[in-house]
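Following: one structure in structure tokens, then a few remarks.
Just so you know, these numbers come straight off a predicted model, no measurement behind them. Counting starts at 1 for both ligands and their atoms, in listed order.
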Amino acid sequence: MTEMKDKIDKNKLPGHIAIIMDGNGRWAKERGSHRIFGHQNGITAVKQAVEGAGELGVKYLTLYAFSKENWCRPQEEIDALLDLMVSSINSETKALIENNVRLLVIGDMDSLPPAIVDKLIDVIDRTKGNTGLTLIVALSYSARWEIARAARLIADDVRSGKIAGEDIDEEKFAHYLATADVPDPELLIRTSGEYRLSNFMLWQLAYTEMYFTPTLWPDFRKEHLHRAIVDFQKRERRFGKTSEQLNCD
Ligand code: FPP
């Protein structure tokens, strides 16, 4: 039987895949367990997504791990989630280095406990020379926060004379986003059957192909990633043009 992985055209891989990991709470509830149990099992899926993307040769994988809105969850759940992320990053640092994975983090670092920021900076520094997959963890991230921050930074640079207001175009604006130097995602995956962007990469997703699956995040495995990529490769990306106009600038 042909496996989903064999159906992937290696020459047409999405360069950047972004994932909204959703459904941990429902997965736990289905098992009569606490939401935190769902997050714990979500780590298996994180490993599968990272390994799966790395094995194929995908260059960037962004995971929406914690939104700015998530700070409104019960303190116990927030603490457990942050603990889980730090302990996973700690226990996986060696594997990240061995597998040539570079870690980046996007989000409001000022809102995170300093010990967590120090840990993240340490791993980012230790993996900065890696040339395989770039794993971007969106942590205390929201797209509107990111866009408002970019506007603030631009205002500062205009005020100090570093740039002229009339020179700001889409390309320059993008340099002020948390994802400066990272290509836009070509494929967005959201699990758990929800059809929303939830304040995630609103600028960067302008022309991204969306793939929604009912699979709850803790059940997500490499095969689900392969299926999403095969689906992506069947699509014609038109970027607002007609099929006939695809070669025009
Ligand atoms: C959404 O499920 C999931 C989250 C808010 C957290 C996901 C984070 C992890 C699995 C840890 C990531 C760790 C690293 C190292 C990247 P939900 O709680 O919103 O589920 P529900 O919609 O069913 O309630």
List every atom of ligand 1 that sits less than 4.0 Å from any heavy atom of [X], numbering the atoms from 1 in the order shown and giving each element.
{"X": "Ile43", "value": "11 (C), 13 (C)"}
{"X": "Arg35", "value": "17 (P), 18 (O), 24 (O)"}
{"X": "Gly25", "value": "17 (P), 18 (O), 20 (O), 21 (P), 23 (O), 24 (O)"}
{"X": "Arg26", "value": "21 (P), 22 (O), 23 (O)"}
{"X": "Ala65", "value": "6 (C), 7 (C), 8 (C)"}

Ligand 1 and [X], any nitrogen or oxygen pair closer than 3.5 angstrom?
{"X": "Asn70", "answer": "no"}
{"X": "Leu81", "answer": "no"}
{"X": "Asn24", "answer": "yes"}
{"X": "Trp27", "answer": "no"}

Can you check whether [Y]'s main-chain N or O pairs, donor with acceptor, with [X]'s side chain at less than 3.5 Å?
{"X": "Asp184", "Y": "Leu205", "answer": "no"}
{"X": "Glu209", "Y": "Phe232", "answer": "no"}
{"X": "Thr127", "Y": "Leu103", "answer": "yes"}

Top protein contact for atom 14 (C) of ligand 1, by heavy-atom distance: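 Residue, atom and distance for the closest contact: Met85 CG, 3.9 Å.
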Residue of the set Glu55, Lys5, Arg227 for which side chain to side chain contact (heavy atoms under 4.5 Å, CB included) holds with Lys222: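 Among Glu55, Lys5, Arg227, the one meeting side chain to side chain contact (heavy atoms under 4.5 Å, CB included) with Lys222 is Glu55.
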CD/Glu170: more than 12 non-hydrogen atoms of other groups inside 6.0 Å: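 Not buried by this count: 12 neighbours or fewer within 6.0 Å.
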Residues Asp167, Lys172: salt bridge by 4.0 Å N-O rule: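 No salt bridge links Asp167 with Lys172.
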Lys234 bridged to Asp231 by N-O distance under 4.0 Å: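 Salt bridge flag = no for Asp231 with Lys234.
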Beyond-backbone contact of Tyr60 with Glu186, side-chain heavy atoms, under 4.5 angstrom: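 Not touching, per the 4.5 Å side-chain cut-off.
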Heavy-atom nearest option to atom 3 (C) of ligand 1, drawn from Lys29, Glu69, Glu77, Met21: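 When every heavy atom of Lys29, Glu69, Glu77, Met21 is considered, Met21 comes closest to atom 3 (C) of ligand 1.
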Yes or no: does [X] have any heavy atom under 4.0 Å from an atom of ligand 1?
{"X": "Asp22", "result": "yes"}
{"X": "Gly23", "result": "yes"}
{"X": "Arg73", "result": "yes"}

Donor-acceptor side-chain pairing of Ser192 and Trp217 below 3.5 angstrom: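 Short answer, no.
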